[in-house]
2 protein chains.
Amino acid sequence: MTAHVHPHLTKNQALVFGSLTEAEGPLTAYAILDHLRDSGFRAPLQVYRALDKLVEYGLVHRLESLNAFVACSHSGCASHKSAAFAICDTCGQVVEFSPDEAIDLLTNWTQDRGFQLSKTTIELRGVCQKCAAAN
Amino acid sequence: MTAHVHPHLTKNQALVFGSLTEAEGPLTAYAILDHLRDSGFRAPLQVYRALDKLVEYGLVHRLESLNAFVACSHSGCASHKSAAFAICDTCGQVVEFSPDEAIDLLTNWTQDRGFQLSKTTIELRGVCQKCAAAN
DNA sequence: AGTAAACGTGTAATAACATTACACGGGTGC
DNA sequence: GCACCCGTGTAATGTTATTACACGTTTACT
């Protein structure tokens, strides 16, 4: 982080980022590859390379529990220290939020133990209000 | 959850659980398979089936960011509401802890939004004190 | 005892996710 | 010019997880 707010995106990075921003929810690398076949993508590596950079720039997050990727909700806004995700197992929708207090508590835990934290993963799985209401 | 504290383990489940408790740190399903070849294991599915049950019983946790599994530190003790993991990227050691306050905050967030939480994943990646000291 | 249901097991094949290795091309700066 | 860095293209391979099918054991009900 401490990244450029508007890093220059290469052609492939822009295509991958476009796929993710157009999508309603998270996409796997191979789903992105399929979307971009018409744009000339041929191999998984083209997607993974772009994703690596986009994640590094903070424009995209990886969802570990899904092996998938989402565009950051706060693009252009580097205000949050770290992100958490509520993932609906019924409709696949993902809500990104910034539980700063909870993250502070976790960060304190690590500092108390001399653990040098580099990445925090918080993912909440369940059923969103809309899907729960729909039974 | 609300599981038996001492569920009966089948032969395969006991073998897989044994591999994980003997191991220093997390193991992938295929690493477990390799360990158990001499005990007659032949296919990944034998491992995955046992792991599914062990996770269901609360005896084993899956580490999403590692695609690996660890024996629960609190085996036989169902006291914690949910677990978090500090994972050292240098030595691979995993420390399990129960950040109840942080989890309460996250749970409140979901309740405020009518999100029915079923699973919480909290994984902290970084470098443990020992490895940091060793440079 | 007979038998159906539930569960565990064994095996093979395949699907899904991710990386390594190698070659090439376009810029930048000496 | 040429060395260096970065992005790209392609193929092959490695790693993680699931589906499908067959069979055996236990449980529980009649």
Side-chain angles (χ1 to χ4, degrees), chain A residues 3-4 7-20 23 25-57 59-70 87 89 92 94 119 121 123 125, chain B residues 3-4 7-20 23 25-57 59-70 87 89 92 94 119 121 123 125:
Chain A
H4 310 280
H8 169 71
L9 295 188
T10 66
K11 175 168 148 271
N12 285 1
Q13 289 161 16
L15 285 166
V16 168
F17 187 56
S19 289
L20 283 172
L27 296 177
T28 66
Y30 279 75
I32 295 169
L33 175 57
D34 286 342
H35 285 163
L36 294 178
R37 296 244 183 238
D38 295 344
S39 305
F41 272 49
R42 291 282 166 274
L45 189 51
Q46 295 174 293
V47 178
Y48 282 110
R49 282 199 276 229
L51 286 170
D52 283 349
K53 288 296 182 184
L54 293 169
V55 168
E56 181 186 326
Y57 297 155
L59 296 174
V60 165
H61 299 288
R62 177 187 172 93
L63 299 176
E64 300 288 352
S65 67
L66 249 34
N67 293 327
F69 301 83
V70 276
I87 301 165
D89 290 329
V94 173
K119 189 186 176 204
T121 297
E123 297 179 16
R125 303 288 292 267
Chain B
H4 311 278
H8 168 72
L9 295 188
T10 66
K11 175 167 148 271
N12 284 0
Q13 288 160 17
L15 286 167
V16 168
F17 188 56
S19 288
L20 283 171
L27 296 177
T28 66
Y30 280 76
I32 295 169
L33 175 57
D34 286 341
H35 283 163
L36 294 178
R37 295 246 183 235
D38 295 343
S39 306
F41 273 49
R42 291 283 165 274
L45 190 50
Q46 296 174 291
V47 179
Y48 282 110
R49 284 200 276 229
L51 287 170
D52 283 349
K53 289 296 182 182
L54 293 169
V55 168
E56 182 186 328
Y57 298 154
L59 295 174
V60 164
H61 299 288
R62 178 187 171 92
L63 300 175
E64 300 288 354
S65 68
L66 248 33
N67 294 326
F69 301 83
V70 275
I87 301 166
D89 291 329
V94 173
K119 189 184 177 208
T121 296
E123 297 180 16
R125 303 287 294 264

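- Side-chain atoms of A:T10 and A:K53, non-hydrogen and from C-beta on, never get closer than 4.5 Å to each other.
- Evaluation of the side chain to side chain contact (heavy atoms under 4.5 Å, CB included) rule for B:R62 yields B:E64, B:N67, B:F69 as partners, not counting sequence neighbours.
- B:S19 is linked by a side chain to side chain donor-acceptor pair (under 3.5 Å) to nothing, counting only residues two or more places apart in sequence or in another chain.
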Please list every donor-acceptor pair under 3.5 Å in which a side-chain atom of residues 43-50 of chain A meets a protein atom from a residue at least two apart or in another chain.
unit_1	atom_1	unit_2	atom_2	d
A:Q46	OE1	A:R42	N	2.6
A:Q46	OE1	A:A43	N	2.9

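- Going from atom CG of B:L27 over to atom C1' of D:dA17 covers 17 Å, rounded to whole Å.
- Comparing the axis of the opening five pairs of the helix from C:dA1-D:dT30 to C:dC30-D:dG1 with that of the closing five pairs yields an angle of 20°, rounded to 10°.
- Remark: P of C:dA15 and CG of A:L33 are 16 Å apart, rounded to the nearest angstrom.
- The nearest whole Å value for the distance from the CG atom in A:L66 to the P atom in D:dT16 is 18 Å.
- We find that CG of B:L51 is positioned 14 Å from P of C:dG8, with the value rounded to whole Å.
- Per the geometry, CD belonging to A:E64 stands 16 Å off C1' belonging to D:dA17, to the nearest Å.
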**Report entry** Sequence-aligned protein contact record of nucleotides 7-14 of chain D, with B where the base is within under 4.0 Å of a protein heavy atom and S where only the sugar-phosphate is
**Finding:** SBBB----

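- Every residue was checked against the side chain to side chain donor-acceptor pair (under 3.5 Å) condition with A:D52, not counting sequence neighbours, and none meets it.
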